[in-house]
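Working notes for the structure below.
Atoms considered below: every heavy atom in the structure, side chains included; atoms not considered: hydrogens, waters and symmetry mates. Residue numbers begin at 1 in each chain, while the letters A, B, ... track the order of the sequences.
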Protein chains: 2
Amino acid sequence: MLINPQGKLQSVDQKVTIPLTSNNMRVACSQCNLRELCLAVGLDDDDLHKLDDMVTKRKLKRGQQLYRAGDSFEALYAIRTGFFKTDILTEEGLEQVTGFQMAGEIIGMDGISNDHHVCNATALEDSEVCIMPYDQLEELSRGIKSLQQQFHKFMSREIVRDQSLMILLGSMRAEERIAAFLLNLSQRMRVRGYSASEFHLRMTREEIGSYLGLKLETVSRAFSKFHDEGLIGVQQKYIRILNADGLKALLNHTPS
Amino acid sequence: MLINPQGKLQSVDQKVTIPLTSNNMRVACSQCNLRELCLAVGLDDDDLHKLDDMVTKRKLKRGQQLYRAGDSFEALYAIRTGFFKTDILTEEGLEQVTGFQMAGEIIGMDGISNDHHVCNATALEDSEVCIMPYDQLEELSRGIKSLQQQFHKFMSREIVRDQSLMILLGSMRAEERIAAFLLNLSQRMRVRGYSASEFHLRMTREEIGSYLGLKLETVSRAFSKFHDEGLIGVQQKYIRILNADGLKALLNHTPS
DNA sequence: CAAAAACGTTGATGTTGATCAATCCGCAAG
DNA sequence: CTTGCGGATTGATCAACATCAACGTTTTTG
């Protein structure tokens, strides 16, 4: 499903609210209200406690980097709260955004192949992550079948997500890309119990453009056009989806 | 490394030739001359024999499909000989190629996330694959640490490969894309012990274009231009790399 | 072998989105 | 309140690539 790279997350229908109470470094996966979105899906209490022992957490301020390209790979990170971008510096020194990630998503899997990260991960707002040391995660998933399966599904989901983006970049036109982007964000907000119809963008027009293979002016123009057509409301970073079906209709519109 | 999505495969320096002798359905990973490229990297003899028991093989004629989008996911496949493409049919019914795969590479990992394949895999020449039933692979990799690690590296490598392609599609111009494509093919041929400087393309101009987000005419024009500039030799699908450095120089050429 | 189909090349023209540039808005700091 | 600055908007122009079209070449098929 093209505009829907979150795979099985879609089927999680229950509302999930995102408060945050504990302040200690240890995190209880068994208590976490994101556990139905996260690696812990389907684990029994006993196994959840084993996860608890492995996981610590870390807070990041807006703009702080969780890891950088070239850093040695130590752990995967589950986002508890906040919003991240991942990006790569190309040979010519241009930044290209490879993804935006929100609560319940796992980042860092690019580092497994080389023992070094290939991209940067930056918090776009104050955020908190669960640190899962990779050697421990490997060991644990050798012992817990459902953890192993869940982990593999997350990796595969990332592959499918990337391929959706390849299709977007390879075959869609500017306005289609931006409609797909907005619908995808909206969908992911819904799954997390937030409003699907209004939200704040955490990234700049330039970062959106980088992600979608467009220039910031093109992004801005598309927003304005959608606004004029009554499809969305735009006030800087505050977006309202006024006509989701209208946006979807833009996607099926075959160009030739 | 942008033009180099095969990750650690790069470091395998020894020559690997690709004969094929046995004809029975059972395959001996322990005897396979691709085992240093494949999942079996780093396994000891004992563990290799466990792999042997799991794997069967299948031959495909040119044009045959190994699996289709929507098929239920049963197994991963290691390519023993031949050449494949994977593609997705977009909503509008357009085909988009998501990758070309050759000997030693693993395909099918997109299916793990949903228990169904999201893309088609088609043999572009007569080919042979090793079938690795996924439930058995999971079980085996819970018992064999180095198999588990190798499997995870393959999945991660696929993620990194896809991200390289995202960058190509998001930030490179037509001729850069095509130069990167040729250099990548050349590199992968070298790793497998084939000539890196001359080879047959197994895919059409249209398939190349689909993969690179370009139209077939644009691909054809770029080939002609590179030919005129003495960078490559082109005779239909037979390509010679005459000036690899010249091609590489095209990549660093910042547009603005 | 002949005919058809698939694939590839090349040219002329058109459209999309990039580029260049001016202006505006919102927010933070003094 | 004013100033400065990063971000956003909007307009004018341009370049890259798509599209349309004609023709050539190779492969497949009966």
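In this structure, A:Thr218 reaches the C:dA18 phosphate: one of its side-chain N or O atoms is under 4.0 Å from OP1 or OP2. Applying the 4.0 Å criterion to OP1 and OP2 of D:dT9, one finds that A:Arg221 has every side-chain N and O outside that range. Checking the phosphate oxygens (OP1, OP2) of D:dA8, a side-chain nitrogen or oxygen of A:Arg205 falls inside 4.0 Å. Distances shown here put a side-chain N or O of B:Lys215 below 4.0 Å from the OP1 or OP2 atom of D:dT19. Regarding contacts with the backbone of D:dT28, a side-chain N or O of B:Arg62 is found under 4.0 angstrom from either OP1 or OP2. Regarding contacts with the backbone of C:dT10, a side-chain N or O of B:Ser224 is found under 4.0 angstrom from either OP1 or OP2. In terms of phosphate contacts, A:Ser220 brings no side-chain nitrogen or oxygen within less than 4.0 Å of OP1 or OP2 of D:dA8.
A straight line from CD of A:Gln235 to P of D:dT9 spans 11 Å, rounded to a whole angstrom. Across the protein-nucleic acid pair, B:Leu201 atom CG and D:dT26 atom P stand 16 Å apart, rounded to whole Å. Remark: C1' of D:dT27 and NZ of B:Lys237 are 10 Å apart, rounded to the nearest angstrom. With rounding to whole Å, A:Phe223 atom CZ is found 13 Å from D:dT10 atom P. Atom P of nucleotide C:dC27 and atom NE2 of A:His200 are separated by 10 Å, given to the nearest angstrom. For the pair A:Met172 CE and D:dA18 P, the interatomic distance rounds to 17 Å; values are reported in whole Å. Rounded to whole Å, the distance from CD on B:Glu125 to P on D:dT27 is 15 Å. Per the geometry, CG belonging to A:Asp228 stands 11 Å off P belonging to D:dT9, to the nearest Å.
Nearest nucleotide to the side chain of A:Leu216, out of D:dT9, D:dA8, C:dT10: D:dT9.
Remark: the A:Glu217 side chain and the C:dC20 base include a donor-acceptor N/O pair separated by less than 3.5 Å.
Using a 4.0 Å heavy-atom cutoff across all strands shown, B:Leu214 reaches sugar-phosphate atoms only and no base atom. Within the nucleic acid shown, A:Gly209 has no heavy atom closer than 4.0 Å to any nucleic acid atom.
At least one donor-acceptor pair under 3.5 Å links the side chain of A:Ser127 to the backbone N or O of A:Phe83.
Under 3.5 Å, the side chains of A:Thr86 and A:Thr98 contain a donor-acceptor pair of N or O atoms.
Ring centroids of A:Phe73 and A:His116 are separated by 6.0 Å or more, keeping the two rings apart.
Checking B:Glu207, B:Lys85, B:Arg62 one by one against B:Thr122, the side-chain contact (heavy atoms from CB on, under 4.5 Å) holds for a single residue, B:Lys85. Applying side chain to side chain donor-acceptor pair (under 3.5 Å) to B:Glu105 and the options B:Arg161, B:Arg157, B:Arg192 leaves one that passes, B:Arg192.
Residues A:Ala174 and A:Gln236 both approach DNA chain C. Their nearest nucleotides, taken by heavy-atom distance, put A:Ala174 toward the 5′ side.
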